[in-house]
Amino acid sequence: MSGSIAEDSLSDGFFSDVLEGLDIALFERICSSRFRPIGRLPLWFKSFYSPVEHQQYDLAMQSAFLENFLIDAEAYWESPSDKRSGSRLASGVWSEGGETVARPLEAFALVAARRSLLAIVDLSSNFEDQRQVYQRARELALGQEKLALELSQKQRELQAALEQRVLNQESLEVIANTVAGNASAVLICDAMGRMQVANKALVDIFHIESGASGQRRSVLERWLQEAEGAYPEIKRVVTSGSYWEGEFESQGITGEKKWIRLNIGPVLDSEGTVSHYICIANDVTDVHYGNHGQERFEDVDPVTQLPNRHSFWRKITQLIEQATTQHQQLALYYVDLDHFKRVNDSLGHHAGDFLLNTFAARIAHCVKRTDIVAHLGGDEFAVVAQVKQLGNIETIAQRLLDSFIPPVTIDSTDFRLSASIGVALFPADGLDATTLMKHADLAMFHAKELGRNQCQFFKPAIGARFLNRLNLENDLEAAIQRGQFELYYQPQICLAEETFVRLEALIRWRHPEQGFISPAIFIPLAEESELIHKIGLWVLNTACAYAQQFAGQGIKVVVAVNVSACQARRKDFIDIVEQALQDSGLPPEQLEIEITETSFLEQMDEVVTMLSKLRRMGINVSLDDFGSGFSSLTYLKSLPVDNLKLDQTFVRELPDHEESRAITASVIRLAHDLKMNVIAEGVETVEQLDYLRQQGCDYVQGYYFYRPLPGDELPPIFDQIMEAGSIV
Ligand code: C2E
Ligand code: MG
Ligand code: MG
């Protein structure tokens, strides 16, 4: 029999009109997960999904929700008619288009005239009633939330004020006097967690013996242990010198259970090491249980509408119990947005909330209905997915990373954000929720260290490395004095002249026990403290002296030096550069400063002024890793830079990947319009080189020509070039 329902019944357009009137998207299943529309598709449908070919749709690929439903639907369509339960199979409601107007949708699988049909229905209108009920519940919850917010704001202010006093080296005795009568509990400890200051509220609320300074099991240590149940990352956050705040259930000395809202602010000395911890705490048991001693009804995060940490914790515990008895595997993804704090600070909280909301909706679309997606607080999300096939674990990770690619438009400016993701698997990486969370958090932290915008799986070595990291920080101090740093140089080839005289200086650390440690790991560590300035100074001096040594042979080497955002923001940066040029005798036009976009995120005006000054001195400025972060093309024309360094992530995908091709071509065009040169990083194949050459790229750098080399391996290469006249 030829033809299908679509052709047979639509000839007079009657059926098509009926469907349109009902606003239903109807499909006939062609083969597994391929669907052909019957009649015209509603506009809303086309705004969410696009056909793959010949007007056919691969719905499982486009929606994680449908992917899940189609597994059940498949079984329904395949089963003999007398075995099918009911006249149709319903999917339950999900929503699509979270960023603008979310539409509640429901899908139905049915069989008519022995054809397998799928209908997708827009439930917007009858959803409105339900939405209003939810809205009222949220408003109640928000009232509660407001109380909590006011308290947390007070705690933060007190914490910041005390931090300033400790930094000003006021005596702890004086500080103790000023906080003695404060209603919030105040605890100040030394770096080892020993109690130095404890006010009356602390003693009253937590029944701590007054005057027991330096007691063996410190209050801080006990809190950290109690909070770790709900916040497995707490020790990592606090010991690495970051601020922490949250609520947890504590069992005081008397055994009475209390909910505590706690802030812990490590105070860093001028070397960047923790000298004190300032903790502010309040008993929030009443806020938690309301006046009736009931479980807090509010389980939804008001910004993202996702389950909050509290409810996540309950859900994951249940899911693990179920997985244990049913021998299932789970994957926990810990998702942390990259540089979110800066966006939030610079754009304001409304825009920040909008971004969180947008990404929450995108993340929720990456997994199935039965999986868990939660907003843990701040810029952190957690996803727990049941693993049916091992390959799915990576598919979901990729989907999550991809969900961050499309820019978010705020006030007609496009913002791009990425995320770092850590994954821990049940049962392989942990048998309980706390261990899994802790391991996923460490894997996420590792992803950040490796340069962000990526996903890392937990490995025992990562846990060990975190402990090592604390040691690394100490070792880093000694590394300069002990001469453990080396400077490598990677040539940049000028495509017009087919030769090179430009080098990028890249630092290497030869650790006595751990061997070579990548700058991708230790530079971010150094950036957290003052050490980056010492390291940066050493790099600048070494690189200038190196380039200048060829002057005698008539070779004019331009050397590019990477400069961290925090270095560039220092007031005396220009003086440091001037001094390095003077000491080495290197002419300014032979020095190039490489900065990344993050340098402009704070104090943009100052950085722009500083770079303009450098350029007036004759020094070149390059914008490194262009395209990897914010890459706002709108800003580009106002930045004082000579060269754009196209990020490796695009070059890697050339020439096959269409989007990377388009981006490369337009970046080169735009840069040339703005009178900038383009340097492509990470060129590894001849195909990449050919494409870049075709597009008019000015310089290339990558393993295809040279890896970064120790300084003494370059002179022979210079000699060869001088003889041959070119290298390409
Ligand atoms: P970057 O400035 O973007 O440097 C380019 C990185 O790409 C280098 O990694 C280089 O070894 C690597 N690379 C070059 N060609 C290829 C290629 O064909 N394929 C691949 N896969 N990679 C290639 P490296 O040396 O590990 O440095 C990593 C990052 O650490 C640098 O990224 C830079 O941001 C930072 N860094 C390195 N040295 C310094 C320094 O002296 N000061 C500061 N502040 N940061 C530095
Ligand atoms: Mg660089
Ligand atoms: Mg780069």
Side-chain angles (χ1 to χ4, degrees), residues 156-176 178 186-197 220 235-244 263-280 341-342 345 449 468-485 507 509 511 517 519 521-542 562-580 595 598-599 601-603 606-607 610:
R156 270 178 229 160
E157 282 165 11
L158 179 59
Q159 198 274 332
L162 293 180
E163 180 174 335
Q164 202 47 53
R165 301 179 77 144
V166 173
L167 282 172
N168 292 345
Q169 308 202 320
E170 268 183 48
S171 94
L172 290 179
E173 233 166 45
V174 174
I175 297 178
T178 56
V186 175
L187 169 71
I188 302 183
C189 307
D190 66 9
M192 307 298 291
R194 284 178 301 232
M195 191 153 89
Q196 311 265 296
V197 172
L220 177 60
K235 284 191 182 153
R236 195 262 302 158
V237 171
V238 173
T239 47
S240 56
S242 302
Y243 175 84
W244 183 90
N263 303 31
I264 307 178
V267 183
L268 305 180
D269 62 19
S270 58
E271 302 282 282
T273 10
V274 176
S275 68
H276 293 87
Y277 292 103
I278 298 177
C279 313
I280 314 292
K341 194 174 169 304
R342 290 180 187 157
D345 292 349
E449 282 185 324
N468 263 341
R469 188 190 134 99
L470 295 176
N471 294 333
L472 266 194
E473 261 170 87
N474 297 331
D475 294 356
L476 205 49
E477 285 253 42
I480 297 186
Q481 285 121 29
R482 302 199 182 134
Q484 291 166 1
F485 289 127
I507 192 168
W509 179 11
H511 190 280
I517 298 178
I521 288 177
F522 72 82
I523 292 286
L525 250 183
E527 281 171 349
E528 284 171 17
S529 68
E530 290 289 303
L531 279 174
I532 189 66
H533 300 295
K534 290 189 194 164
I535 296 175
L537 187 64
W538 177 85
V539 171
L540 191 62
N541 286 327
T542 313
N562 290 287
V563 167
S564 295
C566 44
Q567 283 174 274
R569 284 197 288 264
R570 248 175 90 132
K571 296 228 159 29
D572 56 355
F573 185 67
I574 297 248
D575 302 336
I576 293 173
V577 173
E578 253 177 342
Q579 191 64 46
I595 51 158
T598 48
S599 313
L601 284 179
E602 289 163 41
Q603 304 171 21
E606 282 94 330
V607 176
M610 187 276 291

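Residue indices begin at 1 and follow the sequence shown.
Between Tyr277 and the options Val238, Ile188, Val267, a side chain to side chain contact (heavy atoms under 4.5 Å, CB included) holds for only Val238.
Within the structure, every pair that satisfies the salt bridge (Lys or Arg N to Asp or Glu O under 4.0 Å) test and touches residues 157-172, not counting sequence neighbours, is listed here: Arg165-Glu170.
Across every non-hydrogen atom of Pro519 and Ile507, the tightest pair is CG-O, 3.5 Å. The minimum heavy-atom distance between Val577 and Leu540, with the atom names listed, is CA-CD2, 3.9 Å. When all heavy atoms of Phe573 and Gln567 are compared, the closest pair comes out as CD1-O, 3.6 Å. Scanning all heavy atoms of the two residues, the minimum distance from Pro266 to Gly241 falls at CG-C, 3.7 Å.
Side-chain atoms of Ser599 never come within 3.5 Å of backbone atoms of Ile595 as a donor-acceptor pair (strictly under, hydrogens ignored). Asp572 places no side-chain N or O within donor-acceptor distance of the main-chain N or O of Asp575, the cut-off being under 3.5 Å.
With rounding to the nearest 0.5 angstrom, the CD1 atom of Ile278 is 5.5 Å from the CD atom of Gln159. Taking CD1 from Ile264 and OG from Ser242, the interatomic distance works out to 11.5 Å, rounded to the nearest 0.5 Å. One distance of note links CZ of Arg482 with CD of Glu477; it measures 10.5 Å at 0.5 Å rounding. Taking CG from Leu162 and NE2 from His276, the interatomic distance works out to 12.0 Å, rounded to the nearest 0.5 Å. To the nearest 0.5 Å, the span separating CZ on Phe522 from CG on Leu476 amounts to 7.0 Å. To the nearest 0.5 angstrom, Leu187 atom CG is 6.5 Å from Met195 atom CE.
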Residue pair Glu606, Arg569: steps toward the side chain to side chain contact (heavy atoms under 4.5 Å, CB included) verdict: CA-CA 7 Å; Glu606 282 94 330; Arg569 284 197 288 264; over 6 Å; no

Ile521 vs Trp509, side chain to side chain contact (heavy atoms under 4.5 Å, CB included): CA-CA, chis, key distance, verdict: CA-CA 10 Å; Ile521 288 177; Trp509 179 11; over 6 Å; no

Val539 and Phe485: CA distance, side-chain angles, deciding distance, side chain to side chain contact (heavy atoms under 4.5 Å, CB included) verdict: CA-CA 9 Å; Val539 171; Phe485 289 127; over 6 Å; no

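Every residue was checked against the side-chain hydrogen bond (donor to acceptor under 3.5 Å, both in side chains) condition with Ser275, not counting sequence neighbours, and none meets it. Take Glu527 and apply the side-chain hydrogen bond (donor to acceptor under 3.5 Å, both in side chains) test, not counting sequence neighbours, and it matches Ser564.
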